[in-house]
Number of protein chains: 2
Amino acid sequence: MLRHLPYFIAVAEEENFQRAAARLKIAQPALTRRIQELERKLGARLFDRLPRGVRLNEAGRVLRDDGKRVLEEFDRACQRAARAGAGEIGRLRLGYNDVALKFPVVASALREFRARYPDVELRLMPMPSEAQRAGLRAGSIDAGLFYMEPEEVAGLAGFTLIEDDFLLALPRGHRLADRGDLCLADLTEERFIWPSRTEGRVLYDRMIAACRERGFSPNIEMEILTADNTLSVVASGIAVGFVPLSQLGAEPDGVVLRKVADFSVPMRLDLAWVDGAAPPVAERLAALLKPLKRG
Amino acid sequence: MLRHLPYFIAVAEEENFQRAAARLKIAQPALTRRIQELERKLGARLFDRLPRGVRLNEAGRVLRDDGKRVLEEFDRACQRAARAGAGEIGRLRLGYNDVALKFPVVASALREFRARYPDVELRLMPMPSEAQRAGLRAGSIDAGLFYMEPEEVAGLAGFTLIEDDFLLALPRGHRLADRGDLCLADLTEERFIWPSRTEGRVLYDRMIAACRERGFSPNIEMEILTADNTLSVVASGIAVGFVPLSQLGAEPDGVVLRKVADFSVPMRLDLAWVDGAAPPVAERLAALLKPLKRG
DNA sequence: CCTGATCAATCGCAAAACGGTATCAATGCT
DNA sequence: AGCATTGATACCGTTTTGCGATTGATCAGG
């Protein structure tokens, strides 16, 4: 019965079968039958049959007014669904770790996303990398920007944006601040501030393993959550610490960043989502980031 | 595309093709194709195909929410149209002349109508008989209760409720108030209050003609619109006047009603509407009145 | 590791819905 | 009277829709 509605609306608006048929691009007899069926199923006449032509009656006017709204709402519903499917409306809950937004490519991609898809609710959720992996699997975020660990990719899809590593942050004026080559063996006397294991168990373990490989055991004074915090503690002169290479240029005045030659913990900052369950909005964001680094 | 909506809603609510197919009383493969067609035409997937079963995706949720409303509104629209066709909702503009509502059969039918069709807006419009005939033809009222003149029935349909005639209203204590038989010849000295010609040209002319037939020419003191007014003027002793027989029992204390033997102007109080264009609500009212007098 | 159960997708065929042309009956206009 | 217009009807071909059988993939249980 629903399928008869567009036919009826056409006839109701024209109050003339021929013009309505032309508008619908069908022949007039077909239209006559559609209307007859509709009237039969409704159990009510919708038009008064005049000796010449037809005119809407009371029931017809009711159905014209109500039915027109139904058609319009259906059109809107289809458009909204299509836009949702294309990722032009909806919600994107995007996890990001403490450093992700500091990369110009990421920041500018997010600005571009906002501009291009103003009807998408972009919810930026700061979360440690570990929490993002859990959040993706639990469905509490739709995509994440975080350090991807090769052992943890099961069920996730995505691509790398930035390849990163660690630099040593030293207070300006520290005895090693101006040394040529630094290696782990130079750091046995230092007190370290270390990224917390709760933030990223896997990354933490890899850092420790990289030290152990060189026979080095860091003297960990305190654990802390973000690179920002590490830098401010280092600036105060209390300790030294490793921060991602990407912090270069963002360090405060009292801090210098130096490469440690025999300490490398390669990290990949990825945009990731649950494999096969990426909402369209996430794909739109991916499309904006993809050109910036390989897929 | 509209026709696919009920299929989609069923699958969306069940998130399971088999149960949805059972609910729709069709086979599962047919349903699969309906959904595929809808997805193709929308240009957006509506379900995530899981290894086992399906689940609504973002676009699907949007269409489920919007589409469900569309279906519900369509159902309501159909019901409203059907009820309008049955005369259960809508508006009935009913003209009535000054005496119509004084008949118990009419008053009780209107009460019954209100009770039985509470969703019909019953608009009671007091109008002289003449104005009602014009109003019906102009479409300003849907039906009328008035004195039908045989010469004026063209294009109208309806049936008679009451057959009426005129009585003479006299002030109590009038010299003729207690006379046995009255005839027009007794009234040559009287001053008359007379129904206005603007209220009913045809009726006015018939009354004058009935007088002339008997060689009587009424001494018309003033013209006036309603029988109520006639009675109150008569009660004041200023004049005498003819009022419909139906006023018997409704006359004020100072007035007596007497038959004038040789003065008869038969009137038919009809319920009438435009032939072939009676709205369903008018038919409902007619059905309540019809049993009371012949059709 | 097999077996049966479950679920959506695909295939082939039949029925129903739908649309088109030709025509009719009634009416209005010239 | 003759012609144009309007909606209704009749008949026929095409498209859509539905069904049954089957497949392919996955999951649960022994």
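Below, chains carry the letters A, B, ... as their sequence lines are ordered, and counting in each starts from 1.
- A heavy atom closer than 4.0 Å to some atom of DNA chain D occurs in A/Q28, A/P29, A/T32, A/Q36, these being the qualifying members of residues 26-37 of chain A.
- Applying the side chain to side chain donor-acceptor pair (under 3.5 Å) rule to A/D98 yields no partners; only residues at least two apart in sequence or on another chain are considered.
- Residues satisfying the side chain to side chain contact (heavy atoms under 4.5 Å, CB included) test with B/E121, not counting sequence neighbours, are B/R91, B/R123.
- If you measure from atom CD of A/E14 to atom P of D/dT5, you get 17 Å, rounded to the nearest angstrom.
- Listed by residue number, the members of residues 6-13 of chain B with any heavy atom below 4.0 angstrom from DNA chain D are B/Y7.
- Taking A/R197 as the reference, A/D205 meet the salt bridge (Lys or Arg N to Asp or Glu O under 4.0 Å) condition, with sequence neighbours excluded.
- Here the P atom of nucleotide C/dA16 and the NE2 atom of A/H4 are 16 Å apart, to the nearest Å.
- In this structure, B/L38 atom CG and D/dT17 atom C1' are separated by 15 Å, rounded to whole Å.
- Salt-bridge formation is not detected for the pair A/E37/A/R40: no Lys NZ or Arg NE/NH1/NH2 atom is positioned less than 4.0 Å from an Asp or Glu carboxylate oxygen.
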Identify all side-chain donor-acceptor contacts of residues 57-65 of chain B below 3.5 Å with residues at least two apart in sequence or on another chain.
| residue | atom | partner | partner atom | Å |
| --- | --- | --- | --- | --- |
| B/N57 | OD1 | B/A59 | N | 3.1 |
| B/N57 | OD1 | B/G60 | N | 2.8 |
| B/N57 | ND2 | B/R45 | O | 3.0 |
| B/E58 | OE1 | B/R61 | NH2 | 3.0 |
| B/R61 | NH1 | B/L56 | O | 3.3 |

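- In this structure, A/Q18 does not reach the D/dT5 phosphate: none of its side-chain N or O atoms is under 4.0 Å from OP1 or OP2.
- Atoms CG and NE2, on A/L38 and A/H4 in that order, are 6.5 Å from each other to the nearest 0.5 Å.
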Taking only nitrogen or oxygen atoms into account, show me every contact under 3.5 Å that the protein makes with nucleotides 26-30 of chain C, one pair per line with its distance.
| residue | atom | partner | partner atom | Å |
| --- | --- | --- | --- | --- |
| C/dT27 | O2 | A/R52 | NH1 | 2.6 |

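- Among the protein residues, A/R19 comes within range of no part of the nucleic acid, since none of its heavy atoms lies under 4.0 Å from any strand.
- Comparing B/K25 and A/E15 by the nucleotide of DNA chain D whose heavy atom lies nearest to each, the residue mapping closer to the 5' end is A/E15.
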Using distance only, find each side-chain donor-acceptor pair of residues 22-29 of chain B under 3.5 Å and give its atom names and separation, not counting sequence neighbours.
| residue | atom | partner | partner atom | Å |
| --- | --- | --- | --- | --- |
| B/R23 | NH1 | B/E13 | OE1 | 3.3 |
| B/R23 | NH1 | B/E14 | OE2 | 3.1 |
| B/R23 | NH2 | B/E13 | OE1 | 2.8 |
| B/Q28 | NE2 | B/T32 | OG1 | 3.0 |

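- Taking the side chain to side chain donor-acceptor pair (under 3.5 Å) definition, one finds that B/S140 meets it with nothing, sequence neighbours left out.
- Regarding A/E39, its CD atom lies at a distance of 13 Å from the P atom of D/dG7, rounded to whole Å.
- Residues passing the side chain to side chain contact (heavy atoms under 4.5 Å, CB included) test with A/R52: none are found, sequence neighbours excluded.
- Atom CZ in B/R3 sits roughly 12 Å away from atom C1' in C/dG19 (whole-Å rounding).
- OP1 or OP2 of C/dT6 has not a single side-chain nitrogen or oxygen of B/N16 nearer than 4.0 Å.
- Straight-line distance from the CG atom of B/D48 to the C1' atom of C/dA8: 14 Å, rounded to whole Å.
- In terms of the side chain to side chain donor-acceptor pair (under 3.5 Å) criterion, residue partners of B/Y147 (sequence neighbours excluded) are, by chain and number, B/D164.
- By the salt bridge (Lys or Arg N to Asp or Glu O under 4.0 Å) test, A/R114 pairs with no residue at all, sequence neighbours left out.
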